[in-house]
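To start, the structure under review is shown below, and the notes come after it.
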Amino acid sequence: MTDEKQIYNFWENTGLFKANIKSSKKTFSLLIPPPNLTGELHIGHAMQHSVLDAIARFRRLQGFDVLLLPGVDHAGIAFENTFDKELKKQNLSKEKLGREKWLEAAWQFKENIYNSVSQSWRFMGLSADWSQEVFSLDEKRKTAVFHQFKKYYDDGLIYKGPYIVQWCPKCNTAIEDLEMEYEEKKEKLYYVRYQVKGQGSKVKGQNFIEIATTRPETIFADTAVAFYRNHPKFKKFVGQKVINPLTKNAIPVIEDKRVEKDFGTGALKITPAHDILDYQIGKDHKLEILHAVNKEGRLTDITGEFCGQKIDEAKEKVVEKLRTLGALSKEEDYIHSVAVCERCKTTIEPLISEEWFVRVEKLAKGAIDVIKKDKIKFLPSNYAKILTDWLNNIHDWCISRSLWWGHRIPVWYPSTREVHPERGRRARSGSSDMKVSLDPPGPDWKQDEQVLDTWFSSGLWPLSTLGWPDKTKEFDRYFPWDFEISAPEIKYLWIARMVMISNYFTGKKPFKTMFFHGTLRDLEGRKFSKSLGNGIEPQYLIDKWGTDATRMALYTYSIPGRDGRVSKETLDERGKNFRNFATKLRNIARFVLELKPPGASHSRPDRESDSHFRGNDKEAVEKVIMPKDDQWIMGKLAKTTKTVTKHLENLELHLASEEIYEFIWHKFADDYIEASKSRRPEAQSTLENILKQTLILLHPFMPFLTEELYQKFEDKQKSILLEKWPSATNA
RNA sequence: GGACCCGUAGCUCAGUUGGUUAGAGCGUUACAUUGACAUUGUAGAGGUCAGAGGUUCGAGUCCUCUCGGGUCCACCA
């Protein structure tokens, strides 16, 4: 049994990865962060899986009933984009298929990806309980998500309405602030004059207000001009009106402290429909809301001749028009960061849309309490503060997405009502003509068109994976989770949500320990990404150096919160190093177990050799029976065992793996084995004893090799997984 | 603007509560090796631990500042 696949199948088929609900052992539960249903395993996943698996295997050997629960996330936007691209290749589209057929095809497509994701996990040796595998869109999760929605709804935490949201015109849905990123872009800053009404003919004194803008195409929807209170330059215009240079509408001049005094010209055009700040100012000043840009990123009919044009092409033409009107005083080059969609890098258009929201204040407050009182152990520890700070400044959560792939919003309307195609339904939460239900309330009801934000279901993951809201035995036994791991970039999107949601529904923390691993970057410190093409496939390393060596290489970078700079070369270096280590260990085993000298005593059962150091007068027994070399190596092993155990318990995998590596190569092989050659027959039982113990200590990190070598012992359990972790005191 | 992290050998990084000559891998130098293992062994070179100041009997480790690199959040008219 040398092939990794073969070993993995042996473990899985023997049921060694399964948690045992009936066991009387203490439990240890680990929740695998569900990878997105989009593609291959990347190096970050490989790191997470290596860490999770080492801890799971360590606890299993220690005698815990371990649950390592696998699952996959449907990943709304990400999957939908991937699938739509696939459809395009087949000359199909959403429009051609319609929702029902599209979903049917999507579920088929899902199967293929799903299998590849699942397969990748097995390559890393992940000892997950596959009998409990979940998918975030399966039936049980559907029920759980519905319960979540219903409870929020009943508790008055859910509301719906037209609000300004971050809109991605390409994904064609609202997204959250957290799903945006910023890109430096070189644009133009245009200085535009708004004539003061009724003073147009005066030559003396300033009769216009000049504003600076990067978005002249939205001037059509300007409904005010504002400046900071008591601004010396503009104070005199308060209460007057200015003329919108494009629409010729008279719009008010207002004061608001949210306008920065020294930014631009000091005056700001207010476009409530297309800017978050403007929206808030407009709301407080009861300004009219006009739309100049629609959800496709095209200009609307209020822009007259520009109607239907895309923003970029319209912008220049609008500028030209302003120029001919004499309203453009100057333009400057301007570099600033622009919000883009993190998925498709399209510029975000803030606009007003009918969406669903969750009031999160109460949830956040509970989460802060849990972090403070219930003491979730964060690694690194400063993440408790980072998360608390965010929770203290939290905004309401927009949970609706205009997609088809996801949990459909469980709200139904009588189908007699016409629906505005752009705006959606106008029903308000609490109105009598809508019902919250998983299934249709009757024959003439139509379901809300939108789906829930993927993180709405992900946030429920610690509960829904254990069968919640049913009162399951699994939930009672394995919740809260002992261990969770995550990349730092989803600490708000996912981790904070899990804490809020778990606390809201159970009053408990979702996990006892939260481990944030660092990010692996290239040698210049950049993140790995598809667009940069700097990614390193874990599969490349696995093929070249083996799974065990790849895992060992990753443990050296698994320190919480520490980023690592790597390249193909540096990872190859480490891969090679640990592949060499694997060879070394293989040779040790060959020497100890296969190349016994003719006079060597037969391998003695462990219990017998153990008794050498378990006598009542331990020291005396050792002195009489154990030669000095044996005493020395046994002492070193005891120390190593203690240290490795301590590091594993502290989740310092980089130290634990280094410690056992050091012992095996430089103590056991270089010193003890070399010295044992002159007294081989006498040393044989110690050689075997040490080898077996080290295999167990190394197993969490290099599972395949240690199982393979363990099988060479005459006296053994069925699998090394059934062995006991050596105790530090009598090793 | 707010918060946080990092700066240790040529490169990538360790260094647990402050405590003897600061470590690893790769690279590098010399030598050895028909031996369990050349995917090896032995020995070595290589560091004013970014800089300055402070606390201490003692600082890579704690405090302050400076310089350099990075991350997250907010904002970007």
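Letters A, B, ... are given to chains in the order of the sequence lines, protein chains preceding strands, and every chain is numbered from 1.
Relative to the side chain of A:His647, the nucleotides B:U16, B:A14, B:C76 differ in distance, and B:U16 lies closest. In the set B:A36, B:G15, B:A74, the nucleotide with an atom closest to the side chain of A:His654 is B:G15. Checked against B:C72, B:A36, B:U40, the side chain of A:Ile588 finds its nearest nucleotide in B:A36. Side-chain proximity of A:Ala669 to B:A36, B:G25, B:A14: nearest is B:A36. Side-chain proximity of A:Tyr661 to B:U40, B:G25, B:C75: nearest is B:G25. If you check B:U12, B:G15, B:A36 against the side chain of A:Leu655, the one that comes closest is B:G15. When the nucleotides B:A14, B:C26, B:C4 are ranked by their closest atom to the side chain of A:Asn382, B:C4 comes out on top. When distances run from any side-chain atom of A:Asp670 to the nucleotides B:A36, B:U12, B:G41, the shortest one goes to B:G41.
Both cation-pi conditions hold for A:Arg497 and A:Trp397: the charged atom is under 6.0 angstrom from the six-membered ring centre and inside a 45 degree cone around its axis. Remark: A:Arg586 fails to qualify as a cation-pi partner of A:Phe591 under the 6.0 Å distance and 45° angle criteria applied to the six-membered ring. For the pair A:Lys257 and A:Tyr228, the NZ or CZ position fails the cation-pi test of under 6.0 Å to the six-membered ring centre and within 45 degrees of the ring normal.
Comparing the C1' positions of B:U20 and B:U55 gives a spacing of 22 Å, expressed to the nearest Å. For the P atoms, the distance linking B:C49 with B:A30 amounts to 30 Å, nearest Å. Rounded to whole Å, the separation between the P atoms of B:A3 and B:G47 comes to 39 Å. When the C1' atom is compared between B:U8 and B:G69, the two are found 15 Å apart, to the nearest whole Å.
No engagement by A:Phe581 is indicated, since no non-hydrogen atom pair under 4.0 Å with the nucleic acid exists. Counting any heavy atom pair closer than 4.0 Å across all strands shown, A:Lys491 reaches sugar-phosphate atoms only and no base atom. Counting non-hydrogen atoms under 4.0 angstrom, A:Val259 reaches a base of the nucleic acid. Among the protein residues, A:Lys677 comes within range of the nucleic acid bases, having at least one heavy atom under 4.0 Å from a base atom. Residue contacts shown for A:Leu571 are absent, as no nucleic acid heavy atom lies under 4.0 Å away. Residue-level contact check: A:Ile211 touches neither bases nor backbone, having no heavy atom under 4.0 Å from any strand. Using a 4.0 Å heavy-atom criterion, one finds that A:Tyr492 contacts the sugar-phosphate atoms exclusively. Residue contacts for A:Thr213: at a heavy-atom cut-off of 4.0 Å it reaches the sugar-phosphate backbone alone, with no base atom in range. Using a 4.0 Å heavy-atom cutoff across all strands shown, A:Glu674 reaches at least one base atom of the nucleic acid. Residue contacts for A:Gly564: at a heavy-atom cut-off of 4.0 Å it reaches the sugar-phosphate backbone alone, with no base atom in range. When heavy atoms are screened at a 4.0 angstrom cut-off, A:Arg590 is found touching the sugar-phosphate backbone but no base atom. Looking at heavy-atom distances under 4.0 Å, A:Asp572 makes no contact with the nucleic acid at all. A:Tyr334 comes within 4.0 angstrom of the backbone, heavy atoms only, and of no base. Counting non-hydrogen atoms under 4.0 angstrom, A:Arg215 reaches nothing in the nucleic acid.
For the pair A:Phe668 CZ and B:C37 C1', the computed distance is 14 Å after rounding to whole Å. Distance A:Asn577 CG to B:G25 P: 7 Å, rounded to the nearest Å. With rounding to whole Å, A:Ile490 atom CD1 is found 17 Å from B:C73 atom C1'. When the C1' atom of B:A74 is taken as reference, atom CD1 of A:Ile276 falls 13 Å away, rounded to whole Å. Look at OH on A:Tyr182: it is 9 Å from C1' on B:C76, rounded to the nearest Å.
For A:Arg565 and B:U12, a side-chain-to-base donor-acceptor distance below 3.5 Å is absent, hydrogens and geometry of angles not being considered. A donor-acceptor contact under 3.5 Å is not formed by the side chain of A:Thr583 with the base of B:C37. At a cut-off of 3.5 angstrom, counting only N and O atoms as typed in the model, there is no donor on one side facing an acceptor on the other between the side-chain of A:Lys584 and the base of B:U40. Applying the 3.5 Å distance criterion, the base of B:C73 shares no donor-acceptor pair with the side chain of A:Glu176.
Each of A:Phe378, A:Phe516, A:Phe515 was checked for a ring pair (Phe, Tyr, Trp, His ring centres under 6.0 Å) with A:Tyr383, and the lone residue meeting it is A:Phe516.
With respect to A:Arg215 and A:Glu349, a salt bridge is recorded, a charged nitrogen being found less than 4.0 Å from a carboxylate O. Ion pairing of A:Lys576 with A:Glu573 is absent here, as no side-chain N (NZ or NE/NH1/NH2) approaches a carboxylate O to less than 4.0 Å.
At the phosphate of B:U40, OP1 or OP2 sits under 4.0 Å from a side-chain N or O atom of A:Asn580. Under 4.0 angstrom from either OP1 or OP2 of B:G27 there lies at least one side-chain N or O belonging to A:Lys576. Checking the phosphate oxygens (OP1, OP2) of B:G41, a side-chain nitrogen or oxygen of A:Trp665 falls inside 4.0 Å. Checking the phosphate oxygens (OP1, OP2) of B:C72, a side-chain nitrogen or oxygen of A:Lys527 falls inside 4.0 Å. OP1 and OP2 of B:G70 both lie 4.0 Å or more from every side-chain N or O belonging to A:Arg521.
Side chains of A:Thr550 and A:Lys544: a donor-acceptor N/O pair is absent below 3.5 angstrom, by distance only.
Below 30°, between 30° and 60°, or above 60°: for A:Phe234 and A:His231 the angle between ring planes is between 30° and 60°, a tilted geometry.
Between A:Glu573 and A:Lys261, the residue anchored nearer the 5' end of RNA chain B, judged by the nucleotide with its closest heavy atom, is A:Glu573. Toward the 5' end of RNA chain B, the nearer of the two residues A:Tyr190 and A:Thr556, judged by each one's closest nucleotide, is A:Thr556.
Residues A:Tyr194 and A:Phe208 keep their aromatic ring centres 6.0 Å or farther apart.
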